[in-house]
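Below: the structure, in structure tokens.
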2 protein chains.
Amino acid sequence: MLRKTEQREAIRRVFQENHDPLSVQDVLDKAQQDVPRLGIATVYRTLKALVDEGWLKVVELPGDTSRYERTGKGHHHHFSCNKCERVFDLEGCLPGIDTLLPPGFLLQSHEFFLYGVCADCAA
Amino acid sequence: MLRKTEQREAIRRVFQENHDPLSVQDVLDKAQQDVPRLGIATVYRTLKALVDEGWLKVVELPGDTSRYERTGKGHHHHFSCNKCERVFDLEGCLPGIDTLLPPGFLLQSHEFFLYGVCADCAA
DNA sequence: GTCGTTGCAAAGCGTTTGCAGCCTA
DNA sequence: TAGGCTGCAAACGCTTTGCAACGAC
């Protein structure tokens with residue numbers, strides 16, 4: 001990320017305007033509103049660079065393509081809407097995760113996903 | 001699944017002898033010990049048929065290819081070893097999942113993954 | 001013998017990479 | 001002007017599909 005280009009500015013702006021995790025296609029669609037000739041390879045390369053730089057974080061959902069979100073939101077998990085396919089941040093966590101661990105196993109991290117219908121779709 | 005073939009018998013046997021979730025490649029490798037000419041397309045087709053039949057269940061892990069396990073094990077979650085890449089079943093669950101839900105959201109299901117080092121690798 | 005099943009190769013799909021031209025610094 | 005960045009197209013890895021040969025019933 002040595003140079004400032006309109007493609008990169010547009011991609012950064014997408015994340016400043018959208019706080020929940022976005023797919024590569026989401027980012028391409030939104031950034032192309034600013035830079036119509038933007039190619040998907042540039043989106044992949046820029047997302048990778050922003051992750052390496054620590055500005056973005058990869059969110060991997062089971063059975064779905066990777067999504068990306070801003071870093072610095074603190075420990076949180078995600079909710080995936082079965083209707084509109086959008087992914088939302090959830091605050092908080094659950095205690096007692098280590099009680100599920102079999103003897104001799106070492107816990108290093110965990111992931112947690114809720115599925116259902118979001119408030120917009122339920123209304 | 002109308003006919004009984006040696007390919008299908010070999011794939012079923014793999015799951016009777018291995019109780020944790022297996023990847024397509026795991027199944028191919030193990031089943032080829034019985035049926036060396038077994039092709040990967042047959043593994044994909046057979047796994048799909050066994051899932052449709054309700055004999056297997058798909059286990060999707062974040063950022064990994066799908067795995068398959070026998071149905072009928074009851075509600076449980078999974079542990080993925082960061083060293084040997086094996087996936088293990090975990091018994092039990094955590095209470096209070098619905099407390100993480102924002103107002104207006106409907107909960108339909110959840111997934112939970114622990115990561116770390118398994119007992120074999122820690123020893 | 002019928003027709004469900006198999007293995008191979010080709011096609012799909014999301015992601016990555018090679019490269020010539022472009023554009024920031 | 002140098003060399004990092006971009007878009008295009010080709011390459012990749014995993015999964016699915018078309019098809020002719022095979023084999024269960």
Side-chain angles (χ1 to χ4, degrees), chain A residues 1-15 21-69 78 80 85-87 113, chain B residues 1-15 21-69 78 80 85-87 113:
Chain A
M1 297 295 277
L2 300 176
R3 294 182 185 175
K4 177 179 289 193
T5 66
E6 56 172 347
Q7 289 87 341
R8 291 180 179 177
E9 291 303 289
I11 290 171
R12 277 198 140 97
R13 210 173 308 125
V14 167
F15 285 98
L22 301 176
S23 67
V24 173
Q25 196 59 49
D26 289 340
V27 176
L28 179 66
D29 293 345
K30 290 174 196 290
Q32 277 186 336
Q33 292 171 15
D34 287 0
V35 185
R37 285 183 47 78
L38 177 63
I40 198 159
T42 298
V43 176
Y44 276 105
R45 283 188 280 234
T46 304
L47 292 177
K48 188 175 198 323
L50 290 171
V51 169
D52 291 347
E53 200 175 272
W55 198 81
L56 286 181
K57 184 176 168 299
V58 182
V59 179
E60 320 225 57
L61 289 98
D64 199 2
T65 57
S66 292
R67 287 170 177 260
Y68 298 81
E69 66 180 6
H78 297 98
S80 176
E85 312 273 278
R86 270 193 296 167
V87 175
F113 303 95
Chain B
M1 297 295 277
L2 300 174
R3 293 180 186 175
K4 177 178 289 193
T5 67
E6 57 172 347
Q7 289 88 339
R8 292 179 177 175
E9 292 303 289
I11 290 171
R12 278 198 137 97
R13 212 175 305 124
V14 168
F15 285 97
L22 301 176
S23 68
V24 172
Q25 196 59 51
D26 289 339
V27 175
L28 179 66
D29 293 345
K30 290 174 195 290
Q32 277 185 338
Q33 292 170 16
D34 287 2
V35 184
R37 286 184 45 78
L38 177 63
I40 198 161
T42 299
V43 176
Y44 276 106
R45 282 188 280 235
T46 305
L47 292 177
K48 189 176 199 318
L50 291 170
V51 169
D52 290 348
E53 199 174 271
W55 199 81
L56 286 180
K57 185 175 168 300
V58 182
V59 179
E60 320 225 56
L61 289 98
D64 198 3
T65 58
S66 293
R67 287 170 177 261
Y68 298 82
E69 66 181 6
H78 297 98
S80 176
E85 310 274 277
R86 270 192 295 165
V87 175
F113 303 95

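Below, chains carry the letters A, B, ... as their sequence lines are ordered, and counting in each starts from 1. These numbers come from a predicted model, not from an experiment.
Smallest separation of non-hydrogen atoms from A/V14 and A/A31: CG2-N, 3.8 Å. The minimum heavy-atom distance between B/R67 and B/E85, with the atom names listed, is NH2-O, 3.2 Å.
Between A/R3 and the phosphate of C/dC23, there is no side-chain N or O to OP1/OP2 separation shorter than 4.0 Å. Dashed line: the shortest gap from a side-chain N or O of B/R8 to OP1 or OP2 of C/dT6 is under 4.0 Å. OP1 or OP2 of D/dG7 sits under 4.0 Å from a side-chain N or O of A/Q7. Taking side-chain N and O atoms only, B/T5 has a distance below 4.0 Å to OP1 or OP2 of C/dT6.
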Which pairs of donor and acceptor atoms, one on a side chain in residues 36-60 of chain A, lie under 3.5 Å apart (sequence neighbours left out)?
residue	atom	partner	partner atom	Å
A/T46	OG1	A/T42	O	2.7
A/E53	OE2	A/R12	NH2	2.9
A/E60	OE1	A/S66	OG	3.1

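Atom-to-atom, CG of A/L28 to C1' of D/dC8 comes out at 14 Å; the value is rounded to the nearest Å. At whole-Å resolution of the value, CG in B/D34 and P in C/dT6 are 15 Å apart. As a whole-Å value, the separation of A/L38 CG from D/dT6 C1' is 9 Å. Atom CD in B/Q32 sits about 14 Å away from atom C1' in C/dC8, given to the nearest Å. For A/R37 and D/dC5, the CZ to P distance is 19 Å, given to the nearest whole Å. Going from atom CG of B/L47 over to atom C1' of C/dT5 covers 15 Å, rounded to whole Å. Atom CD of A/E6 and atom C1' of C/dA25 are 16 Å apart (whole Å). Between the C1' atom of C/dT24 and the CE atom of A/M1 lies a distance of 13 Å, rounded to the nearest Å.
In this view, A/S23 and A/D26 satisfy the side chain to side chain donor-acceptor pair (under 3.5 Å) rule, not counting sequence neighbours. By the salt bridge (Lys or Arg N to Asp or Glu O under 4.0 Å) test, B/R3 is found to be paired with no residue, residues two or more places apart in sequence or in another chain being considered. With sequence neighbours excluded, the residues satisfying side chain to side chain donor-acceptor pair (under 3.5 Å) with B/D29 are B/Q25. Listed by chain and number, the residues in a side chain to side chain donor-acceptor pair (under 3.5 Å) with A/Q7 amount to none (sequence neighbours excluded).
Nearest to the side-chain atoms of B/T46 among the listed nucleotides C/dT6, C/dG7, D/dG7 stands C/dT6.
Between B/I40 and B/K4, the residue anchored closer to the 5' end of DNA chain D is B/I40, taking for each the nucleotide with the nearest heavy atom.
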Using atom names, set out every protein N or O paired with an N or O of nucleotides 17-20 of chain C below 3.5 Å, distance rounded to 0.1 Å.
residue	atom	partner	partner atom	Å
C/dG18	O6	A/R45	NH1	3.2

